[in-house]
There are 2 protein chains.
Amino acid sequence: METVGRIAGVSQVTVSRALNDPKKVSAKTLQRIQDAIELTGYVPNMVAGALASRRSKLIAALVPSITNVIYADLMQNFINVIRGSGYHVLMAETGFSQDEEQAVVSTMLSRRPDGILLTGIHHSAGCKRMLLGAGIPVIEVWDTTENPLDVCIGFSHIKAGEEMARYAAGKGYQQALIVSAGDERALRRKDSFASQFKQMTGNPPIEVLYEAGATIERGRNGLSTGLEKGFRNGIIMCSSDLLAHGILIEAQARGLRVPQDMAVLGFGNQDFSPFTLPALTTVEVNRANLGRRAAEALVARIENEPLPTKSIDVGFEIIERAST
Amino acid sequence: METVGRIAGVSQVTVSRALNDPKKVSAKTLQRIQDAIELTGYVPNMVAGALASRRSKLIAALVPSITNVIYADLMQNFINVIRGSGYHVLMAETGFSQDEEQAVVSTMLSRRPDGILLTGIHHSAGCKRMLLGAGIPVIEVWDTTENPLDVCIGFSHIKAGEEMARYAAGKGYQQALIVSAGDERALRRKDSFASQFKQMTGNPPIEVLYEAGATIERGRNGLSTGLEKGFRNGIIMCSSDLLAHGILIEAQARGLRVPQDMAVLGFGNQDFSPFTLPALTTVEVNRANLGRRAAEALVARIENEPLPTKSIDVGFEIIERAST
DNA sequence: TTGTAGGCGTTATCAT
DNA sequence: ATGATAACGCCTACAA
């Protein structure tokens, strides 16, 4: 900046102003400064800027897994919106573990991010304490609660599970098989589905659970295991479209007809879901919208703009297709 | 640090040393310092550290799209390895455009990253100039070349295309349909496949190209379009397993048998590929390995450790399954 | 093993 | 509209 200023015939401070608040600088000096920047190939140093201004223009974003489309979609939109506001994103994985999350939060805070995005509403006590101590806006995504750390945006997994059960029972299915991944939110949907389905039909669902994430392989295996456990007719409730797709494939491999022999209900409305055979009935959550609104809300909090509510419910919607 | 030092009865510098190079501090003062840190809840400020040391411990990583499993897998492993070495990752998307890439590089450089990961080996002149000017290690992934900006790691797309053609012709297929996404590397594979296939069989492949990325939907559509263009028997070469999966589904929907009526050859060996009906023949590139080695190579370059070669070829392998 | 001094490249505050 | 000066919180000499 010093050098740029010298070439433009102004002081270093004026260069700083030209960059951060151009209208405070006269038109002609602004031009000279821009020429000097061009000439020197000057690149601003945001590290120094962050130290001096105490605003890093950095956002930390923690998601369980970036290979999971659910979170990748979210991050894609989050990052792109946030970049439009001049922020950069530090991304890290937490792998569905609260301890891991706490460790990651701890190292991230040393970057002095202006805000932080967390997945879910359950965090370790140590994690909450550190966040509170940092005094920065926090947005929790993919869930809702009355008492967010700061702001949360998502939908009610309990309601989603119930709604799926009402749909299933309403379509007349009397038996259910649940095939679910082991993450905490999927399990909450499973539990509310199970209790609602049992209440409406009198029959508790058979359950096949996986510790790890959803894959087509586990979906295929899930149907096999479900059949071994005695499931025959009815509806299969999956914690994700990927599992559901695997189930469709396994059903086909076994010569079982969907939905005549068994119906399949996915979750997530992934981009392939309208194009499976048969097309998949699923629950849609607008992930792009979620990512965008999360970014907007977080920036609003950081820049002290008013936010109408601390808890944003983006809802969900059952999309009926041929698999049920 | 000042405060922590005061409580521990040492100066600020000693606290800094205790954190960065504990063995330079005596055991008992180290203990007092750790106690003081515990007591005060001190969180180091890496922004200040970066400014003073001129090492940000930040790596910028630019990929075309994080929702594409190909890049998500790569980044997952890259980030996790790099985190083990004390670095954080600034991630951004470039969307397959050189202009976009240049814009992103420009803003990223103001963070003074210690190193940068780029996808591919084709970059705008301005981008290259900025990178050279920054004087930081650069790793280019997913491709190889004799003249990387700094270090590259990947495989030869031309060889991959040729190998696929040799495999296809070797299996006796006389006609080929290519269904490909529009990214630059996929197109290079397509071209070398086409010329090699034509050379071996005398028949130029029919081509169906998409500007946008690979999806199951485009795969289904790709087969339909290919049939309209007159493709009947032979092999379908896809630029990704996702397209191939779509083709398998469309074939099934039309009552076409794979591989009897037509064979399908994917690319990428995604986790679902062994579990499609029929299981997919594809080309495997070890993406986890690629991400890890990219991280290791970049850290080695940053920390001035010797690197045996500037151009690392991780190769690829055709995995034969039931679809061919 | 520990401490002192100076500087990293900005922004904020106050003058002019 | 522009400039001088003092932080920002740490690290790198160098000295003790």
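All values below come from the heavy atoms of this structure, side chains included, with hydrogens, waters and symmetry mates left out. Just so we're on the same page: letters track the sequence lines, and every chain starts at 1.
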(message) Evaluate B/Lys57 against A/Arg111 for side-chain contact (heavy atoms from CB on, under 4.5 Å), listing each step before the verdict.
(response) CA-CA 10 Å; B/Lys57 287 272 178 177; A/Arg111 296 284 176 189; 3.4 Å; yes
Does [X] put a side-chain nitrogen or oxygen below 4.0 Å from OP1 or OP2 of [N]?
{"X": "B/Thr14", "N": "C/dG3", "answer": "yes"}
{"X": "A/Ser26", "N": "D/dA1", "answer": "no"}
{"X": "A/Ser11", "N": "D/dA4", "answer": "no"}
{"X": "A/Arg55", "N": "C/dA12", "answer": "yes"}
{"X": "A/Thr29", "N": "D/dA1", "answer": "no"}

Could you check how far [atom1] of [X] sits from [atom2] of [N], rounded to whole Å?
{"X": "A/Arg111", "N": "D/dG9", "atom1": "CZ", "atom2": "C1'", "answer": "14 Å"}
{"X": "B/Met1", "N": "D/dT12", "atom1": "CE", "atom2": "P", "answer": "11 Å"}
{"X": "A/Glu2", "N": "C/dC8", "atom1": "CD", "atom2": "P", "answer": "11 Å"}
{"X": "B/Asn20", "N": "D/dA13", "atom1": "CG", "atom2": "C1'", "answer": "15 Å"}
{"X": "A/Lys23", "N": "D/dT2", "atom1": "NZ", "atom2": "P", "answer": "15 Å"}
{"X": "A/Leu19", "N": "D/dT2", "atom1": "CG", "atom2": "C1'", "answer": "16 Å"}
{"X": "B/Gln12", "N": "C/dT2", "atom1": "CD", "atom2": "P", "answer": "14 Å"}
{"X": "A/Leu30", "N": "D/dA1", "atom1": "CG", "atom2": "P", "answer": "11 Å"}

(request) Applying side chain to side chain donor-acceptor pair (under 3.5 Å) between A/Asp143 and each of A/Arg188, A/His122, A/Arg185, report the one that passes. (result) A/Arg188
(message) Let's see if you get this right: which residues in residues 31-51 of chain A place a heavy atom under 4.0 Å from DNA chain D?
(response)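 Heavy-atom cutoff 4.0 Å gives A/Leu51.
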(request) In plain terms, say whether A/Lys310 and A/Asp150 are close enough for a salt bridge, that is, a side-chain N and a carboxylate O under 4.0 Å apart. (result)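 Counted as a salt bridge, because a side-chain N and a carboxylate O are separated by less than 4.0 Å.
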(request) Assign A/Val25 to base, sugar-phosphate, or nothing according to its heavy-atom contacts below 4.0 angstrom with the strands shown. (result)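 Sugar-phosphate contact only.
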(message) Judged by each residue's nearest nucleotide on DNA chain C, which is more toward the 5′ side, B/Ser53 or B/Arg17?
(response) B/Arg17
(request) On DNA chain C, check which nucleotide each of B/Arg54 and A/Val13 is closest to and give me the residue with the more 5' one. (result) B/Arg54
(request) Start with the C-alpha distance between A/Ser124 and A/Gln102, add both sets of side-chain angles, then the distance that settles side chain to side chain donor-acceptor pair (under 3.5 Å), and finish with yes or no. (result) CA-CA 7 Å; A/Ser124 70; A/Gln102 178 170 342; 2.6 Å; yes
(message) A/Leu62 and side-chain contact (heavy atoms from CB on, under 4.5 Å): which single residue from A/Glu93, A/Glu101, A/His123, A/Glu100 fits?
(response)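 Option passing the side-chain contact (heavy atoms from CB on, under 4.5 Å) with A/Leu62: A/Glu101.
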(message) Under a 3.5 Å threshold, yes or no: a donor from one side chain and an acceptor from the other, between B/Ser311 and B/Thr309?
(response)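 Distance-only check fails for B/Ser311 and B/Thr309.
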(request) Look at the aromatic rings of A/Trp142 and A/His157 and report parallel, tilted or perpendicular, splitting at 30° and 60°. (result) tilted
